[in-house]
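Numbered from 1 within each chain, the chains take letters A, B, ... in sequence-line order.
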Amino acid sequence: MIIAERKPIEDIRRMVEGHDRVLVLGCGTCVAVCMAGGEKEVAILASALRMAEPEKEFKEATIERQCEREFIEEVRTTSDGYDLILSLACGAGVGFTAELLEEHRVVPGLNTKSIGVAEQPGNWSERCLACGECVLDLTGAVCPIARCSKSLLNGPCGGSQDGMCEIDPKNVQCGWQIIYDRLAKLGRLDLMEENRPPKDWSAAHAGGPRRVLREDAEP
Amino acid sequence: MSKGNGLKSGSRLEQVLAAGHFAVTGELGPPKSADPSIIEQKCGYLKDKVDAVNITDNQTAIVRVSSIAAGVLAMRHGLEPVMQMVCRDRNRIAMQSDILGAYVLGLRNILCLTGDHQCFGNHPTSKYVFDLDSIQQVEMVRKMRDGRFLCGEEIRNSKKADLAPPKMFIGAAENPFGDPFEFRVIRLAKKAKAGVDFIQTQCIFDMPRFKEWMKQVVDRGLHEKVYILAGVTPFKSARMAKYMRDNVAGLTVPDSLVERMEKAEDGAEEGIKICLEQIEELRETVGVAGVHLMAIEWERKVPEILERAGLTPRPEVDKQALAS
């Protein structure tokens, strides 16, 4: 899922400055699961804002997803009369809401962090960088692009020590140590010996904004 | 004159190693300002004492005079540079351009490195590149030497023009003290496959672990494909030994060495003695082709260390040698 985190309340208050009627709009999918922008978080943020700015109106609404046209259409009428939409979606959702409800000013209430997983309750971590050309078949399904701090393709650099990465040896694991251990368990350490060629980064964002087209899904 | 001499680059370092001499390289960190006088001063200590000198590329991600520019200055002061190039700051376009640029300015040795993460340096909010990793970088420089860019295009100005490839002597680093330990020799094997000519290791303090790694290197026959230069660093003081043990990533400093430095009356002299013992032991180690002496901010001691180690004067080479 997309992992996000709410912006500090001071930043959010700065964004609502000069706006009297604010629609706080949640997103019920990824960011609801990672406890950043679902119905519950909308309620918590709205009441915090009401306490801080009692003269303003903060209306609450949450839709299933802000990355799909049909769900955004559901709040078109609700949004009438509000001069600001504070979107608690990921960056894609904020942008798409603004694109469709174009008469409104839309601002982000979250910082989008990563494509990741719920490793533990209250602990979400990055697992994919959407590089556009998956290599997990070569690495025991542990991603070197996302989990190595330098996105190296040919194994760990010299900064791997006791399973940890040089950038933060107390908190960040060496992604390649995880790959190595996984391949050892699978009996596939031979994969560590193969030279991997330079990556085609044009499949990633380096090639420009990406689009997936499927004729069979077109109306 | 040098047609058919078998040399890949004709660099002094390559000639020394190819002739079977025990090579000595040094290290020179460029200054953090536009005042280049320190380069001349450091070169003064190293001139005629080492076969080549590594010019670091913004080491620990701190902005300094570029390795190419400092390398050219080192040449003017009579030293042969080994230009370091990290993958952190350049994509494949900038790397190949800088390799051509360095070559036309006379540089003949390159050391391909991943590079310290930018979080260690003075611009921790910068964006990294890592378009290539150091193994892919080695292969790219080797392809360039063979006449083609990474994309496959030939290195020539027009279809009718002669190939004009940058013929570099290609080095890389290896850290026998990184983990997983069993992978370290595999990494070297991958670099050998990519076409590396020489390796400089991380500073060696944990001699048993280095020798265990060297044994794996020799068992795979890699010492016959690649020249291994063992990294040594003299301690200036007990404080430095402790600091390196406790704070420098990717290093192992045994407690016994720190204790020895602490007990010594003259710390600097003890540091040099330890370094000389290490050099002696490395010269006896099968597969070691030379030493890479990294006298960190202590370049003035390099002549004394190398004289006492019996590694001066350095062998003569053909200064006009070209790659065949």
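- Checked against a 6.0 Å centroid threshold, the rings of B:Phe177 and B:Phe205 do not count as neighbours.
- Around CD of B:Glu153, the count of heavy atoms belonging to other residues, nucleotides or ligands within 6.0 Å does not exceed 12.
- Interface remark: B:Asn91 contributes no atoms to any contact with chain A (heavy atom separation under 4.5 Å).
- With chain A as the partner, the residue from B:Arg184, B:Glu139, B:Gln202, B:Glu174 showing the most heavy-atom pairs under 4.5 Å is B:Arg184.
- The shortest side-chain heavy-atom distance between B:Pro176 and B:Thr201 falls under the 4.5 Å cut-off.
- The two residues B:Val218 and B:Gly287 have their closest heavy-atom pair at CG2-CA, 4.4 Å.
- Looking at B:Leu150, only its side chain comes within 4.5 Å of chain A, counting heavy atoms on both sides.
- Within the 4.5 angstrom heavy-atom criterion, no atom of B:Arg88 approaches chain A.
- From B:Glu27, atom CD reaches atom CG of B:Leu293 across 9.5 Å, with rounding to the nearest 0.5 Å.
- Looking at A:Asp162, the atoms closer than 4.5 Å to chain B (heavy atoms on both sides) sit in the backbone and in the side chain alike.
- With a 4.5 Å cut-off on non-hydrogen atoms, A:Pro156 touches chain B through its backbone and its side chain both.
- Interface residue B:Asn175: only side-chain heavy atoms are found under 4.5 Å from chain A.
- Taking each heavy atom of B:Gly171 and B:Val196 in turn, the nearest pair found is C-CG2, 3.6 Å.
- Of the atoms belonging to B:Glu182, heavy atoms from both backbone and side chain fall under 4.5 Å from chain A.
- Contacts between B:Phe183 and chain A at a heavy-atom distance below 4.5 Å involve backbone atoms as well as side-chain atoms.
- In this structure, the portions of A:Lys150 lying under 4.5 Å from any heavy atom of chain B include both its backbone and its side chain.
- Between B:Tyr128 and B:His117, the angle of the ring planes goes over 60°, which puts this pair in the perpendicular group of the 30/60° scheme.
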